[in-house]
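Written out below as structure tokens is the structure these notes cover.
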Amino acid sequence: MAEDFDVIVIGAGPGGYVCAIRAAQLGLRVACVEKRETLGGTCLNIGCIPSKALLHSSAVFAHARHGLADHGVVVDGVRLDLARMQARKAEVVEANTKGIEFLFRKHKITWLRGAGRIAAPNRVEVAGAPHTTRHIVIATGSESSPLFGVAVDERRILSSTGALALDRVPAHLVVIGAGVIGLELGSVWRRLGAEVTVIEYLDRIVPGLDSEVARHFRRALTKQGMRFRLGERVTGTNATDTGVTVSLEPVKGGAAETLAADTVLLAIGRRPHVEGLGLDAVGVALDERGRVRTDAGFATSVPGIYAIGDAIAGPMLAHKAEEEGVALAELLTGRAGHVNYTAIPGVIYTAPEVASLGETEDSLKAAGVAYNVGKFPFTANGRARAMGETEGFVKLVADKATDRLLGAHIIGAEAGTLIAELVTALEFGASAEDVARTCHAHPSLNEAVKEAALAVDGRALHI
Ligand code: NAI
């Protein structure tokens, strides 16, 4: 008997919906299971997109308050209309999620509404109804990691979901975890007027980021009024109707302390979301961190069942999940799908923006690889000066022997956009000299990338 579908993808986030679209493009009969009322997963509904809407709106507000006078633009009486800002965020989310619905119709992808459970390697049950399929793709994403002693109620103690939905500016927001979510959402509420204290277990912010960039980043955020408590551990929180008491102690030992906050954001990482899928019963193996174990072709331990995105190993990034979704759809149709994990950029959408790619100085030192560094500051870039955006620098690392580009790290305005040419360079196996010999438009921020590439060979022109 023929199956109902060739592929059933469980989860309509960036991994799942992109996998569904690519599979449909390649001629497969595709269904996608989604229990939310809207498509797009965490990213579109309660993650990347709403946070970028609020980051942009709050940056506009901060700029109107503090950044215009220098340009000779005088604006009096700037005020915040938070209800409108939140309504705009909701409109942005709706336009995006509706866009995925349109794409599903266009590609004749069936949306199976409800929670999916894998009943057998070729059968998925959705809201009690069975659907048969040749392949199953687990693309169920991730959820916020909990912390013992910190009970998230989305009122006073928030996950990122609650921190995107506040209807008032907290007087004092305490953020637990100086990672991407803590710093992006901490920035939103700081710009809108909150006191923000970030408590971080390690003695640095954003683990994994090039440590020189991380130090510069911390200084920049401190200048904006964000306070950091590094090397401190939160031992518990006590929420009342009026506020939250946060208990903390130095990781290396020392006196315990309490902080009074009115709102707390818990952002200590995310964990795979695979509960209720029936993986145990069907025999899909997880790794030691609860992620679905997959081989290089995204196959799980059960033939016919595959997994991609935040539910498997690797960085929890929407674009990584998308690449995996495309590669898997191509593999399922006998093509050569492949993801180059060394060329996945990471961007933090604060001001300054931070973008990173590939190896850092720290990782190269640890691996014993000899490298050259080229750095160029935005203070020496004409366009950055004209824009009044001179904070930060571009830093490239290249193999000492071959000059092959190994990593790129940018802190400054538009860093997330500037990194793209270096992703292309890395993908093509370029040397720093290749980037340096590429003509860059003048005047543009991109020239700082070219200058950093020249600096790898000690011959930057404008410094
Ligand atoms: P994260 O892994 O980026 O950072 C968590 C931070 O919390 C780390 O610095 C860690 O050392 C610290 N931490 C852990 N336990 C702690 C404790 N008990 N007390 C104090 N600090 C503690 O995690 P985050 O920010 O929650 O983000 C989750 C995922 O979402 C990440 O993989 C991130 O890449 C992704 N994401 C990406 C975005 C982007 O690409 N712009 C935006 C938001 C999230």
Side-chain angles (χ1 to χ4, degrees), residues 13-15 41-56 141-152 157-164 174-188 197-209 211 214 217-218 221 228-237 246-252 256-257 259 264-273 289 291 309-323 344-357 410-411 415-417 419 423:
T42 297
C43 173
L44 271 69
N45 288 282
I46 50 165
C48 324
I49 298 301
S51 64
K52 265 76 262 179
L54 288 186
L55 276 158
H56 190 76
S142 59
E143 60 191 3
S144 301
S145 296
L147 179 61
F148 181 76
V150 180
V152 170
I157 305 184
L158 315 172
S159 71
S160 52
T161 306
L164 286 166
V174 166
V175 177
I176 308 176
V180 185
I181 292 180
L183 299 180
E184 285 190 352
L185 292 179
S187 287
V188 165
T197 306
V198 183
I199 305 171
E200 165 60 46
Y201 187 88
L202 301 174
D203 59 4
R204 55 161 297 163
I205 67 170
V206 201
L209 194 64
S211 36
F217 189 26
R218 176 156 64 89
L221 293 173
F228 288 95
R229 305 279 305 245
L230 303 182
E232 306 250 14
R233 173 196 355 248
V234 172
T235 52
T237 46
V246 181
S247 306
L248 66 162
E249 61 186 27
V251 172
K252 289 185 177 142
E257 232 186 288
L259 277 182
V264 170
L265 163 61
L266 179 65
I268 59 163
R270 297 180 64 82
R271 62 181 186 186
H273 174 64
R289 290 169 62 182
R291 304 173 295 199
D310 284 11
I312 70 170
M316 288 184 166
L317 296 170
H319 44 282
K320 174 260 196 188
E322 292 186 37
E323 293 300 320
I344 295 180
V347 179
I348 310 175
Y349 293 89
T350 43
E353 264 181 25
V354 180
S356 56
L357 171 72
I410 307 177
I411 179 165
T417 305
I419 199 88
V423 183

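No experiment lies behind these values; they were computed from the predicted model shown. Order of appearance sets the numbers: ligands from 1, and atoms from 1 within every ligand.
- Among all non-hydrogen protein atoms, the one lying nearest atom 7 (O) of ligand 1 is Gly177 CA, 3.3 Å.
- For ligand 1, the polar-atom distance check against Glu184 finds a nitrogen or oxygen pair separated by under 3.5 Å.
- Of the candidates Leu265, Val206, Val180, Val175, the one placing a heavy atom closest to atom 36 (N) of ligand 1 is Val180.
- Checked against a 3.5 angstrom limit, the closest N/O atoms of Tyr201 and ligand 1 fall inside it.
- Listed for the Arg233 side chain is no donor-acceptor partner under 3.5 Å among the backbone atoms of Thr235.
- Listed by atom number, the atoms of ligand 1 under 4.0 Å from Leu202 heavy atoms are 11 (O).
- One N or O on the side chain of Arg204 and one on the backbone of Leu209 form a donor-acceptor pair closer than 3.5 Å.
- Summary of contacts: the protein heavy atom closest to atom 30 (O) of ligand 1 is Arg270 CD, 3.7 Å.
- Looking at Leu55, Ile268, Leu317 and measuring to atom 15 (N) of ligand 1, the nearest heavy atom belongs to Ile268.
- Counting only heavy atoms of the protein, atom 41 (N) of ligand 1 lies nearest to Val347 O, 2.8 Å.
- Within ligand 1, counting atoms from 1 as listed, the ones closer than 4.0 Å to a heavy atom of Met316 are 32 (O), 34 (O), 35 (C).
- Close approach of ligand 1 to Tyr349 (heavy-atom distance below 4.0 Å) involves ligand atoms 41 (N).
- Among Cys48, Gly269, Gly179, Gly416, the residue whose heavy atom lies closest to atom 23 (O) of ligand 1 is Gly269.
- Contacts with ligand 1 closer than 4.0 Å are made by heavy atoms of both the backbone and the side chain of Ile181.
- Inclusion of Ile348 in the set of residues having an N or O under 3.5 Å from an N or O of ligand 1 is not warranted.
- In terms of modelled atom types and a separation under 3.5 Å, the side chain of Glu184 and the main chain of Tyr349 share a donor-acceptor contact.
- Within the 4.5 Å cutoff, side-chain heavy atoms of His319 are placed close to those of Pro345.
- With hydrogens left out, the protein atom closest to atom 9 (O) of ligand 1 is Glu200 OE1, 2.6 Å, a heavy atom.
- Pro146 has its side chain within reach of Arg271: a pair of non-hydrogen atoms, C-beta onward, lies under 4.5 Å apart.
- For ligand 1, the atoms sitting less than 4.0 Å from at least one non-hydrogen atom of Ile199 are 20 (C), 21 (N), numbered in the order shown with element in parentheses.
- Not a single heavy atom of Arg233 lies less than 4.0 angstrom from ligand 1.
- Distance alone, capped at 3.5 Å, places no donor-acceptor pair between the Glu232 side chain and the Ile199 backbone.
- Applying the 4.0 Å criterion to heavy atoms of Ile176 picks out, from ligand 1, the atoms 19 (N), 20 (C).
- Heavy-atom distances between Pro207 and ligand 1 reach below 4.0 Å in at least one pair.
- Relative to atom 18 (N) of ligand 1, the option among Asp310, Leu230, Leu147 with the closest non-hydrogen atom is Leu147.
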